[in-house]
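In what follows, every chain begins at residue 1, and chains take the letters A, B, ... in the order their sequences are listed.
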Amino acid sequence: MDQSLDGSKEIKKVTQRHLAKRSFQRHWQLYILMILPVLYFIIFKYVPMLGAVIAFKDYNVVQGIIDSPWVGWKHFENFFNNPVAWDLIRNTLFLSLYQLAVTFPLPIILALALNEIRDGIFKRSVQMFTYAPYFISTVVIVSMIILMLSPRSGIVNNLLEVVGLDAVNFLGNSDMFRSIFVWSDAWQITGYSAIIYLAALAGVDSQQYEAAKIDGATRLQKIWNIDLPAIMPTIVIIMILSVGNLMALGFEKVYLLQNPLNLGTSEILQTYVYKMGIINADFSFATAVGLFNSVINLILLVIVNTIAKKVSGNGLW
Amino acid sequence: MRKNNGAIKESYNDRVFLTFIYIFLSLLMIVILYPLIYIVSASISSPEAVTSGQVWLWPVDFSLEGYIEVLNNSDVIRGFRNSILYTIGYTIIAVFLTIIFAYPLSRKNFYGKTFFMIFILLTMLFYGGLIPEYLVVQKLGLLDTPWAILIPKAMAVWQIIIARTFFYTSIPEELVEASEMDGCSSIRFLWHVVLPLSKPIIAVLALMYAVFQWNSYFDAMIFLRTEALFPLQLELREILITQSESGANQDIAEQQKRQQLANLMQYSLIVVSSIPVLIIYPFAQKYFVKGMLLGSVKG
């Protein structure tokens with residue numbers, strides 16, 4: 001192919017081929033083993049990516065994905081011409097940003113606080129109990145929320161009555177939905193999310209602390225000048241990942257917490273996709289909405305990664 | 001590590017700060033523990049005491065009625081059994097696939113490993129969407145079969161990365177070369193040498209996959225129609241969430257009693273469904289932490 005006088009490319013190509021041949025000879029059994037997992041990814045991850053083209057078609061079961069007629073941007077236009085679209089986008093963004101604002105800093109604070117105290121029963125108990133909620137299923141968490149916030153017999157309303165306040169139908173109030181969702185999430189994942197920061201903190205050279213102590217630094221100064229810079233790369237990576245998932249928030253939990261009274265704030269893009277697609281079987285339209293959601297996510301991820309790389313030198317790629 | 005050896009005493013400010021930290025952590029622990037204790041207490045109290053709001057922290061009028069009700073509920077028992085089967089089956093499939101994919105990617109001279117890594121990482125960036133995924137499962141004829149629970153989520157990229165990092169750091173290339181010298185094939189080496197050395201990573205993967213499967217309800221909700229196939233979480237959803245929303249218009253004494261019992265059963269049901277996870281929690285805690293740490297090492 002290339003007739004260049006400089007043969008380094010040619011040599012590289014030959015070496016590559018040689019390496020490949022040797023690898024296949026040596027590891028052929030491993031390549032065979034990998035067929036199954038690779039097929040898994042093709043069938044359950046890559047085929048759906050291609051299947052997303054039905055967003056631009058009028059999918060029907062008889063003609064299938066390939067033969068269904070193309071309709072261009074019709075489904076996207078239908079979606080954006082519907083006033084509901086903007087409510088959904090607003091709900092999704094508000095809920096995500098609120099969640100990010102709460103569940104992102106809390107684990108960092110917890111990790112920094114835990115790092116300040118000595119190893120012992122107290123520290124181990126805090127860790128053990130704060131991780132525990134992570135292992136509780138979404139269905140159970142939501143059930144607990146519903147039971148405890150129930151206007152008739154829930155513990156929270158009983159407490160309100162004791163102090164002389166009226167019972168509140170928390171889950172039937174769309175103003176409270178976001179707070180319930182976000183703070184219960186914080187309750188569940190803060191301890192677990194702190195692990196990664198604790199690991200980063202464990203890697204800090206103890207000599208730095210000694211030096212700081214000799215210089216008379218206070219604990220707060222040590223946190224500010226040693227701990228925070230030490231975990232900054234981790235913070236940046238987690239930040240990028242969180243923003244990249246901004247529109248893909250705990251939708252299984254949102255769906256369970258929904259009821260007709262709080263739909264005003266609890267209907268988000270993904271629950272809408274589920275209802276339109278799986279329940280109403282409007283496959284093409286739902287795929288279009290889902291695709292819009294995924295594309296926004298991807299764009300956010302790329303933007304945040306670029307900013308993070310410029311500012312801190314850390315990025316996912 | 002950061003203990004005072006008396007040489008330099010903590011300043012007044014530092015002691016105040018430390019006290020503040022202890023108070024903060026104690027409050028946090030109470031906030032996290034209180035709902036858990038309350039649920040357990042309510043589950044072993046009498047239905048009347050719970051509904052009338054007498055239970056605050058400790059059980060009132062000790063009673064196991066709720067648990068008896070749960071054990072007599074055939075839907076719950078069937079769901080429990082299904083969930084155990086799904087969790088075991090899924091975990092075996094998932095761990096197997098993850099290992100046979102991750103091990104080759106950890107070998108130094110394995111040609112194409114960069115390609116395969118990009119191949120799986122791309123699936124984290126681009127997501128086909130719920131509907132296309134559903135259509136694939138439908139096309140394969142898996143709808144309303146146990147396979148719809150076992151197969152579509154059988155591998156997770158994060159777990160592959162963890163396993164690969166483990167193999168990379170704990171199965172030295174020299175070991176592979178030595179075994180090849182002795183004429184040992186790759187598969188035999190994987191089976192007889194790698195697996196026995198990989199018990200910790202197998203535990204990490206198995207626990208992560210098992211907890212995921214035990215706790216998930218969404219795939220079951222969209223893929224299964226036949227009630228006999230429902231996992232526990234889906235039964236829980238029916239009983240705990242769907243039912244509790246309706247049922248506002250019941251005021252006859254008999255119905256009230258049933259409502260109370262249903263209410264009570266909900267608390268016991270929450271406890272019963274969490275028992276398997278509670279049993280493995282001490283191990284899970286340790287291994288999840290290990291997994292998180294392995295995953296955060298950039299390979």
Side-chain angles (χ1 to χ4, degrees), chain A residues 19-20 23 27 29-30 33-34 36-37 40-41 43-45 47-49 51-52 113 116-118 126 128-133 135-140 142-144 146-148 153 155 158 187 195-196 199 206 209 213 218-220 252 256 259 273-274 277-278 283 286-287 290-291 294 298, chain B residues 1-2 8 11 13-14 17 21 24-25 29 32-33 35 38-39 51 53 97 100-101 104 109-111 120 123 125-136 152 154-155 185-187 211 215 217-218 222 233 236-237 240-241 244-245 263 266 270 273-274 277 281 284-285 289 292-293 296:
Chain A
L19 280 175
S23 178
H27 299 299
Q29 289 185 328
L30 296 182
L33 277 182
M34 282 176 89
L36 212 52
Y40 166 82
F41 275 101
I43 293 171
F44 291 103
K45 302 290 172 191
V47 171
M49 280 183 215
E116 284 302 303
I117 65 173
R118 246 175 287 140
V126 174
M128 179 159 163
F129 293 130
T130 49
Y131 297 163
F135 295 88
I136 299 173
S137 76
T138 312
V139 175
V140 166
V142 172
S143 308
M144 283 170 64
I146 291 175
L147 284 172
M148 296 180 81
S153 57
I155 176 89
N158 287 339
W187 179 82
I195 295 174
I196 201 143
S206 59
Y209 292 127
K213 206 193 285 173
T218 65
R219 280 179 180 269
L220 207 54
E252 302 188 358
L256 289 179
N259 62 48
V273 169
Y274 166 70
I278 310 284
F283 291 126
T287 306
L291 195 62
S294 312
L298 189 62
Chain B
M1 216 184 281
R2 224 175 336 150
I8 302 170
S11 72
N13 278 340
D14 272 359
F17 183 61
I21 285 178
F24 165 71
L25 290 175
M29 204 153 64
I32 284 176
L33 274 180
Y38 172 76
I39 296 285
T51 334
L97 287 176
I100 61 174
F101 196 54
N109 293 319
F110 189 80
Y111 188 79
I120 61 167
T123 66
L125 282 182
F126 302 99
Y127 171 56
L130 178 68
I131 308 302
E133 273 183 9
Y134 176 83
L135 292 177
V136 166
M155 292 173 85
S185 74
S186 301
I187 289 180
V211 170
N215 282 342
Y217 81 95
F218 192 72
I222 58 176
Q233 298 297 331
L236 290 183
R237 176 177 167 264
L240 294 169
I241 297 168
S244 67
E245 279 166 9
N263 246 344
Q266 294 175 340
I270 287 178
S273 70
S274 308
V277 180
Y281 179 59
Q285 193 202 348
V289 174
M292 285 278 276
L293 301 188
S296 59

Chain A contact via [X] - which portion, at a heavy-atom distance below 4.5 Å:
{"X": "Tyr281(B)", "value": "side chain"}
{"X": "Leu135(B)", "value": "side chain"}
{"X": "Met29(B)", "value": "side chain"}
{"X": "Leu236(B)", "value": "both"}
{"X": "Tyr134(B)", "value": "side chain"}
{"X": "Leu130(B)", "value": "side chain"}

Heavy-atom pairs under 4.5 Å with chain B - which of [options] has more of them than the others?
{"options": "Ile195(A), Thr138(A), Leu36(A), Leu19(A)", "result": "Ile195(A)"}
{"options": "Pro133(A), Ala52(A), Ser143(A)", "result": "Ser143(A)"}
{"options": "Val47(A), Ile155(A), Ile43(A)", "result": "Ile155(A)"}

Would a 4.5 Å heavy-atom cut-off, applied to side chains only, mark Thr130(A) and Leu25(B) as touching?
no

Side chains of Pro35(B) and Met148(A): closer than 4.5 Å at any heavy-atom pair?
yes

Side chain, backbone, both or neither of [X] within contact of chain B (heavy atoms, under 4.5 Å):
{"X": "Ser294(A)", "answer": "side chain"}
{"X": "Leu298(A)", "answer": "side chain"}
{"X": "Tyr40(A)", "answer": "side chain"}

Closest non-hydrogen atom pair, Ile131(B) against Gly277(A):
CD1-CA, 3.4 Å

Counting heavy-atom pairs under 4.5 angstrom with chain A, the leader among Gly128(B), Ser273(B), Gly129(B) is Gly128(B)

Taking every heavy-atom pair that is under 4.5 Å apart, which of Thr123(B), Ile39(B), Asn109(B) has the most such pairs with chain A?
Thr123(B)

Hey, is the main chain of [Y] close enough, under 3.5 Å, to the side chain of [X] for a donor-acceptor pair?
{"X": "Asn215(B)", "Y": "Phe135(A)", "value": "yes"}
{"X": "Trp187(A)", "Y": "Ile32(B)", "value": "yes"}
{"X": "Asp14(B)", "Y": "Arg219(A)", "value": "yes"}
{"X": "Gln29(A)", "Y": "Ile187(B)", "value": "yes"}
{"X": "Tyr217(B)", "Y": "Val139(A)", "value": "no"}

Using a distance-only test with no angle check, is there a side-chain donor-acceptor pair under 3.5 angstrom linking Ser137(A) and Gln233(B)?
yes

